[in-house]
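Report on one structure; see the data block that follows.
Chain identifiers are assigned alphabetically (A, B, ...) following the order of the sequence lines, protein sequences preceding nucleic acid strands; residue numbering begins at 1 within each chain. Computed from heavy atoms alone, side chains included, the values below leave out hydrogens, waters and symmetry copies.
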Amino acid sequence: MDYPGRASLGPLDLTVGPREIVAIVGASGAGKSTALRLLAGLEDPAAGTVIRPAEPGRTGFVFQNPTLMPWADARANVALPLELSGVSAVEARRRADDSLAATGLGDRTTARPRQLSGGMAMRVSLARALSVEPDLLLLDEPFAALDSITRRGLIEDLHRLWAARPMAMVFVTHDVEEAAYLAGRVVVLSRADGRAVADIAMPGALPRPEGWRSDPAHREAVEAVAEALARSMELAS
Amino acid sequence: MKRHLIDALPALLLTAVLLAIWEASCRLLHVPVYFLPPPSDVARALVDNGAILAGSALQTFWMALKALIVAALIGGGLAISVSLSRPAERAVAPLAVTLQVTPVVAIAPLVLIWFGLDHADRAVTALAAAIAFFPIFSGVLTGLKSADPDLERLFDLHAASPLQRLWRLRLPSALPFALEGLRVAAGQAVVGAVVAEFVSGSGAAQGLAWRLLEAGNRLRTAELLAALVCLALLGLSLNGATRLIERRLLRDRA
């Protein structure tokens with residue numbers, strides 16, 4: 001299977017392996033979100049092709065905001081993608097409950113979005129993306145609005161979920177440390193034309209061992225990404 | 001309950017002060033009662049004509065309610081069908097705007113010819129519905145297009161059918177806007193009912209507007225004001241009812 005895909009965004013040439021976590025960093029306007037939408041098939045490239053997994057329904061997308069339906073409870077929100085793809089309501093709800101339990105919200109299945117904190121709402125959003133058992137999980141700066149403790153907790157959860165069930169993950173962020181910690185590979189986009197100016201493999205195992213944030217290898221990788229990002233901005237100006 | 005009372009206190013006080021000034025001025029300045037009767041006379045007229053006024057208020061209420069239902073069905077239905085196709089929206093938009101900028105009450109004589117020659121109450125309902133139509137139509141249409149763009153993308157991602165999108169995303173998104181439109185429309189429906197009755201002038205409909213006209217023609221100003229008070233109460237209760245519905249239906253949202 002030619003999975004999960006090769007995206008050509010003008011000059012962008014990106015291949016993501018089936019169990020790979022790739023982070024895309026770049027300045028605002030570098031086309032990170034566009035790259036993600038191309039991967040999702042939400043937009044068509046002006047030129048070139050995007051090769052996606054065979055099953056189009058098995059793509060999960062996590063947006064910058066939780067993007068929940070305020071009129072529906074957590075369970076109904078998570079069940080939505082399943083129901084849209086024709087899974088019976090009963091089955092969809094059962095799988096939604098499983099998905100919520102996996103993201104640590106097993107006891108909040110009937111909560112309305114307004115009753116949830118920002119972190120919990122994001123977990124519901126994550127559970128919704130995971131409910132379709134995706135082969136490809138796309139995340140568009142999902143934790144940017146959260147405090148750093150909540151954000152770290154969610155990243156650990158992402159690693160845990162990824163380890164439990166293999167899937168390709170593409171994570172867009174502007175936070176260099178987050179990118180280096182989360183991903184096995186960091187792609188830096190240039191602000192000028194959205195070209196990938198660097199493609200750096202991150203050291204260490206996924207999920208990260210305890211205390212990895214202060215490990216010299218990690219610090220070094222963070223520096224390497226930060227430098228590449230700085231260079232990408234110089235190119236643009 | 002106590003909290004509500006405290007919130008309402010300034011408005012109640014102001015009303016009391018205004019009524020007191022009105023009463024005092026009428027008495028001290030010896031204003032003729034046909035010109036401006038004191039509030040105590042109006043209160044007496046309210047009590048004396050209670051049964052008739054209540055009957056008329058009920059009549060006006062039913063006509064406004066019927067108009068509201070007709071407007072909601074036509075306005076909401078049209079907004080939904082228009083939202084499903086971009087060309088349809090482009091075709092209808094100029095007409096809708098024209099309708100909006102035309103003072104719809106001005107079509108009253110026409111409505112009377114069409115519906116009212118034999119049944120004045122039908123003309124009243126038709127005009128009230130015509131006036132209530134626009135707020136509902138534009139509220140629903142705006143609401144249908146107000147869905148979170150990222151949620152729209154999620155529906156794209158999972159290849160939702162147009163019907164799924166309408167039913168599960170756009171209609172629920174439109175609800176707050178539709179209810180807001182309904183509240184505005186409820187007030188407008190009463191305006192429409194009153195104007196239509198004024199224009200028909202036959203008394204066949206026997207609503208509150210007819211009471212106003214009748215009392216005015218006989219220079220029974222206290223009765224006229226009493227009918228006006230009923231009309232205000234009618235408007236307030238319709239407004240309150242729509243607010244209540246709004247709060248109920250939107251309770252679970254942010």
| query | Within a strict 4.5 Å, meaning less than it, do heavy atoms of the B:Leu154 and A:Thr67 side chains meet? | reply | no
| Within a reach of under 6.0 Å around CH2 of B:Trp62, are more than 12 heavy atoms found that belong to other residues, nucleotides or ligands? | no
| task | Please round to the nearest 0.5 Å and tell me the distance separating atom CZ of A:Phe63 and atom CG of B:Asp148. | result | 8.0 Å
| field | Spatial distance of atom CH2 (A:Trp71) from atom CG (B:Leu171) [nearest 0.5 Å] | value | 9.5 Å
| message | Within the structure provided, determine whether A:Arg112 and B:Arg253 are in side-chain contact (heavy-atom separation under 4.5 Å). | response | no
| query | Under a 4.5 Å heavy-atom cut-off, does chain B meet the side chain of A:Pro81, its backbone, both or neither? | reply | both
| request: Check whether more than 12 heavy atoms from other residues, nucleotides or ligands sit under 6.0 Å from atom CD1 of A:Ile149, and answer yes or no. | output: no
| request: Could you look at B:Arg168 and say if it's the side chain, the backbone, both or neither that has a heavy atom under 4.5 Å from chain A? | output: both
| Minimum heavy-atom separation for B:Phe155 to A:Leu80, with atom names? | CE1-CD2, 3.6 Å
| query | Tell me, side chain or backbone of A:Gln115 under 4.5 Å from chain B's heavy atoms, or both, or neither? | reply | neither
| query | How many angstroms lie between CD in A:Glu43 and CZ in B:Arg153, if you round to the nearest 0.5 Å? | reply | 7.0 Å
| If you round to the nearest 0.5 Å, how far is OG of A:Ser85 from CD of B:Gln164? | 8.5 Å
| note | Looking only at B:Leu151, B:Leu169, B:Leu175, B:Asp156, the option with the highest number of non-hydrogen pairs under 4.5 Å against chain A is B:Leu151
| request: Counting only heavy atoms closer than 4.5 Å, note whether B:Ser173 contacts chain A via side chain, backbone, both or neither. | output: both
| note | Residues B:Ala160 and A:Leu84: closest non-hydrogen pair is CB-CD2, 3.9 Å
